[in-house]
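All figures in this text were calculated on a predicted structure; none of them were measured in a lab. In the text below, chain A, chain B and the rest are named by the order of the sequence lines, each starting its count at 1.
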Amino acid sequence: MTHSQTDTLKEGHASIGDVVGIREQTAFQKMVASQAFWVGIALFVLVVFMTWLEPSFGTVDNTTNITRNFAPIAIMGLGMTVVLITGGIDLSVGSVMGLVAIVAGLLLTWHQPWYVAFGAGLLAGMACGAFNGFFVAYIGMPSFVVTLGMLSIARSAAVVLSGNQMLYQFGPDAPIVKAIGQAKWPRHTPDGWVPRWIPELSSHFWVMVILALIVGFVFIFTAWARHLFAIGGNEHAARLTGVPVDRVKFQAYVFSAFTASIASLLLLGYSGSAINAMGTGYELRVIAGTVIGGANLMGGYGTAFGAVIGSAFLEVIRNALLMAGIDSNWQGAFVGAFIILAVLLGMQTSGKSLRATLEGMFTWKRK
Amino acid sequence: MTHSQTDTLKEGHASIGDVVGIREQTAFQKMVASQAFWVGIALFVLVVFMTWLEPSFGTVDNTTNITRNFAPIAIMGLGMTVVLITGGIDLSVGSVMGLVAIVAGLLLTWHQPWYVAFGAGLLAGMACGAFNGFFVAYIGMPSFVVTLGMLSIARSAAVVLSGNQMLYQFGPDAPIVKAIGQAKWPRHTPDGWVPRWIPELSSHFWVMVILALIVGFVFIFTAWARHLFAIGGNEHAARLTGVPVDRVKFQAYVFSAFTASIASLLLLGYSGSAINAMGTGYELRVIAGTVIGGANLMGGYGTAFGAVIGSAFLEVIRNALLMAGIDSNWQGAFVGAFIILAVLLGMQTSGKSLRATLEGMFTWKRK
Amino acid sequence: QEKYTFALVPKNMNNPFFDQARDGCKKAEAEANGAFECMYIGPGEHGGGEEQVQIVQDLVAKKVDGIAVAPSNAAAMAVALEAAKEAGIPVLTWDSDVLPENKDLRVAYVGTHNYEIGVNLAKIVQTIKPSGGTICIQSGGAAAANHNERMKGIRDTLAGKESAASPGDALTGQNGWTEAPGCPLYTNDDFPLSVQQFQDFMAKTPNLDAFVPTGGFPQFIPDANRAAVEPYKDKIASKALALVVADTLPVQMDQMKEGLSLGQVGQRPFEMGYKTMLALKDMKDGKPAPADPTYTGLDVCTPETADTCIAK
Amino acid sequence: MSVLDVRSVSKSFGAIRALSEVSFTVAAGEVVGLMGDNGAGKSTMVKLIAGNFPPSDGEIAVDGEVCHFHKPIEARGAGIEVVYQDLALADNLTAAQNVFLGREMKKGLWPFRVLDKQAMINRSANLFAELKSETRPRDLVKKMSGGQRQAVAIARTRLSNAKLVLMDEPTAAISVRQVAEVLELIRRLKSQSVSVMLISHRMPDVFAVCDRIIVMRRGSKVADKATENTSPEEITGLITGAIRDA
Amino acid sequence: MSVLDVRSVSKSFGAIRALSEVSFTVAAGEVVGLMGDNGAGKSTMVKLIAGNFPPSDGEIAVDGEVCHFHKPIEARGAGIEVVYQDLALADNLTAAQNVFLGREMKKGLWPFRVLDKQAMINRSANLFAELKSETRPRDLVKKMSGGQRQAVAIARTRLSNAKLVLMDEPTAAISVRQVAEVLELIRRLKSQSVSVMLISHRMPDVFAVCDRIIVMRRGSKVADKATENTSPEEITGLITGAIRDA
Ligand SMILES: Nc1ncnc2c1ncn2[C@@H]1O[C@H](COP(=O)(O)OP(=O)(O)OP(=O)(O)O)[C@@H](O)[C@H]1O
Ligand SMILES: Nc1ncnc2c1ncn2[C@@H]1O[C@H](COP(=O)(O)OP(=O)(O)OP(=O)(O)O)[C@@H](O)[C@H]1O
Ligand SMILES: O[C@@H]1[C@@H](O)[C@H](O)OC[C@H]1O
Ligand SMILES: [Mg+2]
Ligand SMILES: [Mg+2]
């Protein structure tokens, strides 16, 4: 240990400076390496192919349809992504939708103004999220168990509150509710200003776009998001370095419930009715969308873009198969195969192609 | 570094020997610390309470019922546990059930002998498992994505094969199929030898018991299981130390499909019909059962006993609520609450009680 | 002449009931000698009905030539049907209808009078148990409008007085009829669960007077149902237990003949699929639209009439 | 008054008694070495002081006040910085992100108060350069070499003006050159009258910077000696148990 | 003939060139030290030799035969044992289970060939005792101290009769006493004409056991000298770059 200060002189910081500036990947390389990018490519190819194959696919009307149909799933996907990043899961989103719709629907049938009804719905939904968050974050229970419990509880609450009725006589504010759920923008001539060939996009879609932009911004620019990722990467380390782990996790579940509530209210407005079965089974679709978009169930990775693109991909496949007139019995097989293929495509960029994998299968293996 | 061999003389190995014999926990302490144990306690309390509350609950007939009803879920839970331990998930089990039932059912309606039909069903099911295993283990895809794809594919295959018909005219071997699915043992007097107060237990239950014993044995005594756990704990390390990671993972998915196939064939025999919708939504029930029994979705932990006890718990709650005459609208709320409570009870043993948690909530936190 | 595409949209595709409608649809297609194609498509599972609305929207975008739909969520379906109307696509409803205020969105309803199913189920129960007793109704889903209608039919008939809205007012002694605690039971279309519920329930209430599923669920897994009902066969034979079930699929009729039920009230899904297709074809050809509603009729069966009750 | 006062603290994990009745103090500006065989309880001691878990028995006082830290963040709030033996890094974040984890630099005004990424990268680069470590601030920690990871954990403690820095084997993975820098850093801290507790198995390093050396064996303190009054040989004997007590 | 022959091997990770054209050989029974600054590429070299990933360029020969190990298990099959820097332990298994991971001892006859747990526990206990490490074979690795974990990783290499043992900083976390044992172990291996490649930042250790020292800087080999022809000072200079080449 004969070291001394003079070393510094001999080589100086400059030489270390040379090194610290290096980036292992440029932003472009990172993008190309991401699964969402490749699923996006697959989606694009599918859209081009379908437009060529089936003229009714590429119409403005169908575009309006598709963009509206996947928006609620994508909106929930944004919330789910936040939860998945922390290493958790939220199985209750579908049931929360049902509860929110019933709470808002009840108030509407009692002739309350729409904002009161929507506010109450949001509150009910976020209360479910707070319940989940409390037991997961502060009590430390596994998220799968807590949100599975909530899946049952919220659905049951919806059934009880609705008295098993479909609610649809929405009182004076019914037109506003309907307008919220069915609004489109931009409007075609003559009502509006845009020509026929530009699709009218639903309020669902625009809400999704705005939420995705906000979530994307948050993910990139805020300390909160950095804490989310740190928790998913190494919860213990995050705790030791002073990240408010419990609070952040709690907020993640509340946010997930919030997005489920928004989706529910949009669908409520769109369908003009509240049914306690709304959202049944959506949890799997939402998780599927986000995972196809590249979110990691083990935590630590996920993007807003991925949540949107994954949901869009699922919906476009469904729509495309119908448009192509594929026998309905076979559609499930195609959907399944496409899901696997899209993700497989995305994987080829992690440095290893399918061919190489097959070649090396019984010899060399990726990590 | 003036060390030398002579140290050994000064203190000898004996002093180190003192230390290496220490066990941090006895087998009993380990058991008491396990979630499955506490869920078992909760189950026991529930059973005692219900028997007291509602005489019809504790009857031999109801025991026969309950033990049969949860057995298929528990059987699949054993396979799921194996997959969960490796850190994976198998969403396709419900669909695999449907496919297996249809394949076996078709052959039966074509008047094939029962063993041919069952064999073909098993093969079809395990082919699905092999598909899952191949893409997860050898290609390295996320298990969620692959098995989600298979969920779609297998269901679609079942629908196509069945031609969307319910199959129930089972040809000459129908009685054997039925006997397999509906057999009971031991039989009461007069047919059998045991007195009335001993419940007759279904073939489903006995298959579950045998499988659980085998899986339990494998978990404790074989290198294969040790490799499963190592993969779930640190897949990379397992690979580096020469564990045949890919092969073991592959086998895990095949085994999960195998248990789903067995459950399917039992239900086929029991119900006397093959419906392509069989098992719809079971994936969540199976995973719920195993997780309630203490398996860890993040991998590295799970027991055969836990899979059985968790499934039993879910079924007993369902049955008990019905027996207690709880309004069916409210039942979901109770089921959800009980799931959360049972797991909460199990957690109290990790050194921290709920009270302490609540007290320390905004101050000190469990890891 | 161009070939038409008509879509037949069921509530869900994993129920043998709807398979029959599909068969009817395919038969009509075959008989039309290539004049139109039957496109059978619906959501995999029932759920809240949003997915079904999406599918109808897709069909409108695809510009099919006619749609026959069995709405899960009647109110929500109105939105899609409005789009169909705008696009000039003729629509029929079958199996279940849209809300009364949206009747102008479809040409006609072709299907069962669901309330009547309930009425007929109840009538059979009443002949078996004239003085009333405890009853348990087993339904499909808490939000399923058709099942709720049937439940209302049962309740109203037994109570002898009409309730304001479906699923009707619970029976609490009207006309001697009481619903057992914990009932109605909801199967959520899970067939094994429906059998389990029956077993559990009978274990708890062995003296139950009537058990009435508003759909065929338990009988769709015949051997399981046999095993579950067998112990009560004597009670059924002696008319101590009025087990009366909706629907009359062949597998169900077999079970009634074996003495495992005292009555079946069936619909004619095959005819729904068949008739809607022919009606759409007629409308396209400029012939008059079918009457609204067009009831496809019910088959009311008891063990005595088992061989003759089903209209062919 | 001593910065840290550990008063007959014990800690058990099930049947394992990791610490029994350990007491010692650390004065302001004092550098104390904590040595002992593997499993002697050194890291457990650090985690107790840093509030990772509570002692089974005994109490810990900081600046004369008994503290019951319930969370690590509270210990940091009291001016205690820690380099954990397992480094406590989030593998999916970059070096710079890890350095600033839990105390990110921000710019702009609420609600548009966003991360000042460039500033954090620059500051981290400086810290690494100070340690003479060729660690790239934008690299994911997952992909870094052992020594680079350790540099991140050390750099982290430099962000605040701590009054006590606990370093659990901070030089285990780093190279000769950086070891010298870390020792230099410890001396610098001392000169700013920051107290340091250094855990290390490297005898020369401990003797180079510590004022006092505490030796632990199987959970008990067996010696607490001023560096000038002892020798590496004696300490080695104490660690191994060849010398029973001192 | 040399046991290991590394022939102008390079390895890149994206824009990072971790190794460029490195060549060297290790003869039977030779103990070679590999030194270098943090991030110099030492661990990458070990991982390449052990078959964790393939080189971007160049080839590696074992016993004169060019090897393309596609999996770590193949390298082990060829007689190469490794102590990884990150130890490669499964946290949810016990010490004994980790030691025998991938080569469990069994007893009984098929199909009742079951794990011989007691034998594995005993053998592990012996190995730990040999290393003078107070490591309890039945403890979960998750709950062990840093040095105890390292002992597990070292013990693992003792199970087979390797011809080449790669040790990536095997003494980083262990205490004085165990360091001596590990050095002793290396000498014993040498005497059985097993080759050892030792990576360490501890100059005295390297000088104590190595026949030859290879120095790497930023991915390139800058020196390869017999121990008797060099000095700690020279090696330090080579590592830091104060001495450009040798
Ligand atoms: N969470 C835990 N559960 C059970 N035992 C533990 C736990 N943490 C530490 N121990 C045990 O406590 C003892 C002391 O561990 P500690 O990590 O403090 O040792 P150390 O002195 O830091 O050793 P090293 O020099 O190897 O880092 C060890 O025997 C260890 O196995
Ligand atoms: N998987 C990887 N992806 C990208 N870069 C990597 C990867 N593994 C190593 N590197 C980089 O390669 C270089 C060499 O790393 P390596 O681990 O071989 O260093 P080392 O000599 O072992 O250092 P130390 O003494 O700190 O352990 C480092 O700059 C490291 O960041
Ligand atoms: O009317 C149908 C009913 O009979 C069946 O059981 O389920 C679907 C319903 O729509
Ligand atoms: Mg330590
Ligand atoms: Mg290294």
Side-chain angles (χ1 to χ4, degrees), chain B residues 54-57 59-66 68-69 72 98 152 155-156 158-159 162-170 174 177-178 181-182 184 202 267-282 285 315 318-332, chain C residues 10 12-23 26 40 44-46 136-139 142 170 180-193 195-206 216 218-228 230-231 249-252 254-255:
Chain B
E54 180 63 49
S56 59
F57 180 86
T59 59
V60 272
D61 284 354
N62 199 38
T63 310
T64 307
N65 273 345
I66 292 180
R68 187 193 46 244
N69 289 341
S152 268
R155 183 69 64 197
S156 173
V159 172
S162 70
N164 240 327
Q165 299 293 326
M166 172 170 149
L167 310 171
Y168 66 98
Q169 271 138 349
F170 280 171
V177 173
K178 183 169 168 175
Q182 298 199 354
K184 285 181 195 165
S202 65
L267 278 178
L268 172 77
Y270 175 64
S271 57
S273 69
I275 293 179
N276 55 41
M278 185 199 273
T280 309
Y282 277 29
R285 278 164 71 178
E315 166 62 16
R318 191 195 62 71
N319 181 286
L321 290 172
L322 195 144
M323 289 287 173
I326 303 284
D327 180 343
S328 52
N329 292 346
W330 280 103
Q331 293 193 4
Chain C
N12 54 332
M13 304 221 295
N14 59 6
N15 186 327
F17 177 86
F18 291 113
D19 299 343
Q20 297 211 336
R22 172 194 148 107
D23 295 344
K26 289 288 175 200
Y40 177 77
E45 280 156 59
H46 197 293
C136 188
I137 302 172
Q138 188 180 43
S139 167
C183 293
L185 302 168
Y186 294 102
T187 63
N188 294 319
D189 287 354
D190 181 334
F191 304 144
L193 178 67
V195 174
Q196 287 171 23
Q197 285 178 339
F198 174 80
Q199 273 183 325
D200 294 350
F201 205 81
M202 290 309 293
K204 171 181 156 67
T205 324
Q219 294 176 326
F220 292 152
I221 47 173
D223 285 354
N225 193 51
R226 285 188 183 101
E230 212 82 52
L249 269 51
V251 65
Q252 300 181 275
D254 292 349
Q255 291 172 68

Got B:Met166 and C:Asp19 here, is their nearest side-chain heavy-atom distance under 4.5 Å?
no
Qualifying residues under side-chain hydrogen bond (donor to acceptor under 3.5 Å, both in side chains), relative to B:Arg318, sequence neighbours excluded
B:Glu315, C:Gln196, C:Asp200
Which of B:Asn69, B:Asp327, B:Thr280, B:Thr59 touches chain C most, by non-hydrogen pairs under 4.5 Å:
B:Asn69
Without swapping roles, check the side chain of B:Ser273 against the backbone of C:Phe220 for a donor-acceptor pair under 3.5 Å.
yes
Of the backbone (N, CA, C, O) and the side chain (C-beta and beyond), which part of B:Asp61 lies under 4.5 Å from a heavy atom of chain C, both, or neither?
neither
The interface call for B:Tyr282 against chain C, heavy-atom contacts under 4.5 Å, is side chain
Quick one: what part of B:Ala324 sits under 4.5 Å from any heavy atom of chain C, side chain, backbone, both or neither?
backbone
Check whether C:Leu193 gets within reach of chain B through its side chain, its backbone, both or neither, counting any heavy atom under 4.5 Å.
side chain
Which bit of C:Gln197 is near chain B, if near means a heavy-atom gap under 4.5 Å: side chain, backbone, both or neither?
both
In the structure I gave you, are the side-chain heavy atoms of C:Arg226 and B:Gln182 within less than 4.5 Å of one another anywhere?
no
If we ignore hydrogens and angles and just use 3.5 Å, is the side chain of C:Lys204 paired with the main-chain N or O of B:Ser56 as donor and acceptor?
no
From C:Asp223, C:Asp254, C:Ile221, residue fulfilling side-chain contact (heavy atoms from CB on, under 4.5 Å) relative to B:Tyr168:
C:Asp254
Okay, C:Pro192 and chain B: the region with an atom under 4.5 Å from a heavy atom over there is side chain
Between CE of B:Met278 and CG of C:Asp190, what distance do you get to the nearest 0.5 Å?
11.0 Å
Part of B:Leu322 lying under 4.5 Å from any heavy atom of chain C:
both
Given the options C:Ala224, C:Gly182, C:Ala228, which has more heavy-atom pairs under 4.5 Å with chain B than any of the others?
C:Ala224
